[in-house]
Amino acid sequence: MAGIKSLDELKALRDKHRESVLGRDTGDSENKIRITVGMATCGIASGARETINAIIDEVAKEHLMNVVVVQSGCLGYCYAEPTVEVRFPGKEAVLYGNIDAKRGRELVQRHIKNGEIQKDWIIEKTFNNI
Amino acid sequence: MAEYNLDHDKLKKLETYIDNLQEKEGALINILHEAQDIFGYLSKDVQLFIARKCGIPAAKVFGVVTFYSYFTMEPRGKHVVNICMGTACFVKGADKILAEFKRLLDIKEGNMSEDGMFTIDTLRCVGACGLAPVVIVDGKVYGRVKVEDVEGIIKEYKQD
Amino acid sequence: MVKYRMDLLVCGGTGCQASGSSEVVETFKKEIEKEGLENEIQVITTGCFGFCEKGPIVKISPDNVFYVEVTPEKAVRIVKEHIIKGRVVEDYLYKEPETKEVLHEQNEMPFYKKQLRIALRNCGFIDPENIYEYIAVDGYQALGKVLTEMTPEKVIEEIKRSGLRGRGGGGFPTGVKWEMTRKSKSNQKYVICNADEGDPGAFMDRSILEGDPHSVLEAMAICGYCIGADKGYIYIRAEYPLAIQRLRIAINQAYEFGLLGKNILGTGFNFDIDLKYGAGAFICGEETALINSIEGGRGEPTVKPPFPAQKGLWKQPTNINNVETFANICPILLKGADWFSSIGTEKSKGTKVFALAGKVNNVGLVEVPMGLTLREIIYELGGGIKGDKKFKAVQTGGPSGGCIPAQNLDTPIDYDTLTQIGSMMGSGGMIVMDEDDCMVNIAKFYLEFSCEESCGRCTACRVGNTRMLEILNEITEGKGTMEHLDELKELGQIIKDSSLCGLGQTSPNPVLSTMNFFWDEYVAHVKDKNCPAGVCTALLKYFILPDKCVGCTACAKVCPTNAISGEVRKTHIIDQEKCIKCGACMATCRFNAITRR
Amino acid sequence: MNMVNLTINGFKVSVPEGTSILDAAKKVNVHIPTLCYLDLHDIKMVNRTASCRVCVVEVEGRRNLAPACATEVTEGMVVKTDTLRAIKARRTMVELLLSDHPTDCLVCEKNTQCQLQKLAADLGVRKIRYKGKMSTYPKDSSSESIYRNLDKCIMCRRCETMCNEVQTCNVYSAVDRGFETVVSPAFGLPMIDTQCTFCGQCVAVCPTAALTQISHVAKVWEALSDPDKFVIVQTAPAIRVALGEKFGMEPGTIVTGKMVAALRRLGFDKVFDTDFAADVTILEEAHEFIDRLQNGGRLPILTSCCPSWVKFIEHQFPDLLDIPSTCKSPHIMFGTIAKTYLADKMGIDPEKIVVVSVMPCLAKKYEVVRPELQHEGKKNVDLVITTRELADMLLEAGIDFASLPDEDFDNPLGESTGASVIFGTTGGVIEAALRTAYEWLTNETLEDVEFHSVRGLDGLKEATVNINGEEIRIGVAHGLGNARKLLESIQKGESRYHAIEIMACPGGCIDGGGQPYHFGNLEIVKKRMEAIYTEDRNKKIRKSHENPEVLKMYKEYIGEVGGEKAHELLHTHYTKREKI
């Protein structure tokens with residue numbers, strides 16, 4: 001990266017990456033399923049590292065090319081760590097709590113592969129984002 | 001460097017760190033962190049070396065070391081058990097966890113066990129209040145620790 | 001561009017979809033087409049409104065009417081009544097369970113007043129170690145906008161107009177602080193981010209640094225532009241290794257992308273950021289102490305004035321804000337001061353992140369608009385008290401704050417109301433206590449903290465707090481007198497009045513506020529030599545219940561002082577003189593025959 | 001200058017911008033008590049830690065009380081110092097300090113001189129309401145000079161400010177925190193193992209008895225009562241202009257005659273004057289200077305009469321140890337002369353002679369045990385007491401000092417000149433040396449012996465003297481911080497001076513660490529200085545090389561100035577020391 005030289009360059013870069021992160025445009029077939037694992041201190045201490053490794057492993061095992069696994073900070077649901085968010089392109093994200101490595105693998109199988117939302121593991125989001 | 005009763009390689013490492021600092025003014029605390037990482041604790045000789053190397057009075061270095069609870073002048077055990085005594089942990093019984101560690105390792109807070117394996121310390125809130133009470137061993141965080149868990153945690157580290 | 005006169009916003013969140021929102025959308029579209037209104041009325045599927053329990057949810061804009069549990073049948077009627085005839089269908093509106101009062105507007109509904117994430121907007125959403133993700137969510141756009149379109153004065157004006165106040169505890173208006181530093185004349189100025197989150201029980205800053213480090217870097221650069229500084233420091237606790245690591249990565253990336261360093265975005269503006277580590281001293285959260293610490297000295301506070309804005313780091317004008325304050329800057333500049341100031345209460349704008357901990361079910365971080373009540377936070381967001389115990393108090397503001405009792409649960413909280421009820425906003429720690437917590441003991445805990453963390457410089461704090469703690473010890477050991485209580489009050493007041501810095505000036509608060517709200521509990525310790533919550537060991541007595549004791553002798557065997565006597569199969573008795581209150585008997589008894597009072 | 005108007009206790013007052021509430025209050029005759037605060041304006045030492053909180057006052061519109069010493073006045077400020085709230089807070093602060101302070105006032109070294117004690121009396125403290133743990137620390141009597149009893153430390157930090165900012169010795173730092181905070185040397189080392197120069201300025205500013213001197217009073221009494229000992233005493237020039245203060249006399253009163261009489265009444269066998277040896281010092285030092293000047297020795301030459309300053313250079317500038325003069329300090333020279341020349345002359349076994357020095361200085365106590373200053377393992381000076389200790393002895397002996405007749409020093413070591421008298425103040429040594437060096441170099445009589453440019457309280461002073469057509473540049477520094485500046489310039493090769501006088505104590509010996517406490521009133525020091533110059537003017541002989549007894553000694557015993565015997569008896573060498 002050679003450094004961004006102007007605001008226009010910055011805007012272009014934003015637009016380029018916007019879709020893949022926000023994943024809101026259903027029309028774009030390149031959009032992938034995004035699995036976000038909360039990897040703040042609380043999460044890691046509760047086993048988020050094991051969870052994310054298990055998920056990555058499972059995704060690889062299943063050759064799920066349309067899935068990206070990312071780490072993120074903390075959503076604030078400390079009582080339910082580790083937390084994992086699954087977002088299909090164009091759909092509202094689903095937030096799961098208490099996802100240990102085992103559940104992580106199951107999540108890949110059930111939600112990602114088979115599209116079954118795991119209702120029992122869902123935690124209700126109690127926030128609006130700006 | 002023969003005048004200091006310190007490991008030569010470690011001293012060299014510290015010296016290199018200090019030499020490479022861009023901003024030496026005000027770097028004392030970062031230097032002390034580095035020194036404690038290298039030597040495990042800040043002995044008198046380490047402090048003297050830093051003082052003379054940076055042209056800071058030894059009394060000032062000592063004053064700083066004794067001010068911050070993160071710095072220690074005592075050798076530490078191979079494994080450092082930190083029990084969080086933040087409010088969230090306190091109301092969830094961190095004092096009982098601390099007592100259990102002290103009982104099982106038979107040492108006081110801040111001290112090293114006779115075999116040099118463990119040091120028990122307390123700290124104020126690691127910000128993992130959701131997991132209270134929290135114990136950290138060598139940087140690994142254990143959450144929702146119960147008194148019964150303590151023995152197991154110790155065992156985990158006793159083996160190596 | 002087509003302009004619709006009305007929007008039908010149908011929630012497409014997981015919960016609403018599960019309860020059939022897609023059918024509702026279909027029905028709306030069909031009905032509107034039938035009426036030939038498709039060019040006037042737009043049906044939009046939105047993200048989760050977060051009120052899944054009452055889904056599917058439909059909001060009609062601009063009328064701001066809010067229907068819950070909408071079915072296809074209801075949709076038909078909504079189109080006929082509301083959209084065509086302009087009559088609100090009262091039956092379908094949300095009814096508050098307790099009052100049964102019908103609420104029209106979304107923002108009147110209790111749920112929607114709850115969490116609004118501004119400071120935490122990206123936490124848990126983007127990958128903090130990937131700058132592209134931050135850029136994708138408008139990262140560094142505010143910096144770009146400021147550098148290319150706005151004068152420093154204009155930015156400061158915007159921040160001032162937003163009403164943002166310091167989130168570190170003091171609540172000083174951020175814009176005013178920036179303006180003061182801008183006005184101080186000097187060739188060298190500094191920006192400091194206070195990331196020495198020392199309140200035991202608060203971890204919002206850690207969360208932001210771990211989840212969205214760039215937002216802090218960007219805001220610091222903006223601040224630098226405004227006050228005329230080209231150098232920034234982040235003073236961060238050594239206890240936060242992950243946050244340090246993520247900050248390091250973020251700083252390196254920002255330099256690599258030309259978003260820090262020389263000639264940022266080709267505007268000629270330079271800004272550098274360095275990390276400075278704390279080393280375990282709570283007092284370094286105080287501005288002047290923090291500056292002394294960054295300079296490599298003992299973290300002792302110095303007298304203000306001069307304020308850091310006049311004479312700060314290396315005696316140069318310095319602006320210090322904490323992490324959460326900085327995290328609010330970019331949204332304000334991108335969305336405008338008006339937007340920000342529309343959130344919150346009259347004097348406290350925007351949101352505040354609270355770290356909810358202690359005896360609540362949902363321990364965690366919540367970001368809520370100012371003005372929410374404690375009850376809403378604890379019972380609705382926090383899920384109520386753990387184990388269905390009785391709520392006793394909530395401690396806010398850490399060692400500087402106070403304990404708020406049940407009677408104040410409905411106080412809308414902002415900087416000023418909390419101060420009025422003898423507590424403080426502080427950095428946002430919120431520790432919930434239940435009936436098992438002894439308030440004298442809690443006060444002692446906080447005072448112990450303040451004593452240990454006192455820098456030792458001034459008499460009031462160094463000796464005064466120690467003496468207060470000693471009196472509290474007497475009280476919890478059953479040696480307290482009513483005179484002690486008077487002494488505590490008077491000494492506490494004088495320490496507040498006479499201490500050099502913020503730590504000393506607030507350290508008696510936990511004691512004074514508990515004395516104010518839980519006076520009876522203090523009196524019980526002093527007069528009755530009794531700890532109602534059963535916490536203060538010295539005041540406890542163990543008894544054997546004759547009707548439950550089977551005379552198994554187990555308790556007598558474990559008693560380390562041989563305080564328990566009795567014959568086999570006969571009721572045992574505890575000699576109170578010998579008892580050291582270790583509780584071993586109670587733990588051993590299999591018949592629940594031993595009780596503690 | 002911008003003026004600021006404010007009201008204090010209802011009185012309107014107008015003061016320059018930047019004035020503290022404390023100083024503004026003085027203008028309307030309102031006295032606000034202080035304890036940690038100390039302003040030694042003339043030597044640029046201000047301790048404004050605002051830590052004791054004893055000066056808190058009410059300021060309208062302010063949430064809490066303000067420390068008067070550290071709060072600047074603002075336009076329209078309304079200050080109240082006499083409200084119940086302020087008075088209660090102030091008294092509570094003193095009570096809190098007392099609750100962590102031994103109440104052994106009656107037997108305390110500082111009894112009646114302690115500022116905390118005075119404050120408690122002034123504020124009418126009759127009861128200490130608070131009880132609890134007390135700070136206790138090991139007492140430090142490791143050095144010969146400074147006694148540290150930190151149980152009595154009230155954390156005013158004056159010693160720290162003095163040591164680190166004025167003297168730049170950097171021995172002290174606050175260590176630990178919270179209730180355990182205390183001022184200490186590095187690693188809690190005993191003073192003897194530190195780079196402390198024993199100037200005693202920390203002792204001079206300590207408000208309590210946390211820092212005092214190691215007392216030799218008992219040992220002096222013992223020697224005086226031993227019939228086998230021949231006890232002689234020497235008094236430094238600065239004693240005679242300060243001792244009177246301890247007996248209620250005006251600062252600046254010259255009490256030389258009464259002092260001699262009093263010492264005689266204490267039972268000293270001979271009462272001599274360090275001034276005699278000061279004249280000897282000038283002879284040797286001037287000779288050394290001329291030698292270096294004429295034979296290409298290293299310049300500048302530095303005076304070496306101040307043991308504190310000598311220790312300073314040994315620790316801080318070990319690479320410059322070849323520049324100080326090799327002359328012993330006058331009081332050590334005196335001891336050597338007493339145990340050789342005098343013993344010889346009087347036919348007394350030197351073993352039986354006990355030399356007692358009365359010094360304004362604490363470092364002199366340390367100096368006498370320096371091995372290189374001893375003769376075959378025996379000290380040349382046996383005991384050193386300070387001006388304060390002498391006053392204590394006189395009180396104890398029941399000597400009515402004020403009504404004593406004036407008496408003269410004994411011979412031969414009581415003879416002195418005006419040149420030696422001015423050793424007692426900053427600039428004096430170099431002025432005395434100039435008087436001699438000038439005449440020796442030019443073979444002309446110096447008519448005006450007074451060099452005014454090296455006088456006064458400026459930290460750094462200089463003078464240029466034309467000698468045989470050459471400009472001889474003289475520098476003077478007093479206070480070790482000022483000395484450091486000169487030494488650094490020498491180190492960098494930037495110094496233009498030929499000779500430099502350095503005294504460790506600001507003001508020189510008149511404000512030494514063993515002088516009567518003045519607690520910040522530098523007017524007292526200025527009066528002592530005036531008195532010194534008056535004493536000089538009153539002397540018939542004002543040049544050292546004209547002291548007849550000195551010349552006689554050289555003739556009879558030592559031989560040539562700067563000769564072999566002179567070197568053996570009167571010169572010394574220096575040792576590199578560690579920084580710690």
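Everything numeric in this text was worked out from a predicted model, so none of it was measured. Labels below follow one simple rule: chain letters A, B, ... track the order of the sequence lines, proteins then strands, and each chain is numbered from 1.
Of the charged side-chain nitrogens involved, at least one lies within less than 4.0 Å of a carboxylate oxygen, so that C:Glu453 and D:Arg177 count as a salt-bridged pair.
Here D:Arg85 is the residue among D:Glu58, D:Glu72, D:Glu180, D:Arg85 with the most heavy-atom pairs under 4.5 Å with chain C. With chain C as the partner, the residue from D:Asp100, D:Val56, D:Val175, D:Thr71 showing the most heavy-atom pairs under 4.5 Å is D:Val175. Ranked by heavy-atom pairs under 4.5 Å with chain D, the first of C:Leu500, C:Thr302, C:Val303 is C:Leu500. Chain C forms more heavy-atom pairs under 4.5 Å with one residue of D:Cys156, D:Ser99, D:Ala50 than with any other, namely D:Ser99.
For NZ of C:Lys529, the number of neighbouring non-hydrogen atoms (other residues, nucleotides, ligands) closer than 6.0 Å is greater than 12. The 12-atom threshold is exceeded at NZ of D:Lys139, counting heavy atoms of other residues, nucleotides or ligands nearer than 6.0 Å. The environment of NZ in D:Lys80 is sparse: at most 12 heavy-atom neighbours from other residues, nucleotides or ligands sit within 6.0 Å. C:Lys444 NZ: more than 12 foreign heavy atoms inside a 6.0 Å radius.
Both the backbone and the side chain of D:Thr49 come within less than 4.5 Å of a heavy atom in chain C. Both the backbone and the side chain of C:Arg457 come within less than 4.5 Å of a heavy atom in chain D. Looking at D:Lys133, the atoms closer than 4.5 Å to chain C (heavy atoms on both sides) sit in the backbone and in the side chain alike. For D:Arg63, the parts sitting under 4.5 Å from any heavy atom of chain C are the backbone and the side chain alike.
Counting heavy atoms from C-beta outward, D:Thr92 and C:Leu491 have side chains that approach closer than 4.5 Å.
Interface with chain D: from residues 459-477 of chain C, residues C:Thr459, C:Ala460, C:Arg462, C:Val463, C:Gly464, C:Thr466, C:Arg467, C:Glu470 qualify, criterion being any non-hydrogen pair under 4.5 Å.
Atoms CG and CD1, from D:Leu65 and C:Ile494 in turn, are 9.0 Å apart once rounded to the nearest 0.5 Å. Rounding to the nearest 0.5 Å gives a distance of 7.0 Å between CE of D:Met93 and OG of C:Ser499. The distance from the CG atom of D:Asn64 to the CD1 atom of C:Ile495 is 13.5 Å, given to the nearest 0.5 Å.
Closest approach of D:Thr181 and C:Cys455 over heavy atoms only: OG1-O, 3.4 Å. C:Arg298 approaches D:Ser173 most closely through the heavy-atom pair CD-OG, 4.2 Å.
Residue D:Arg129 is tested with C:Glu487, C:Glu490, C:Glu483 for a side chain to side chain donor-acceptor pair (under 3.5 Å); the sole match is C:Glu490.
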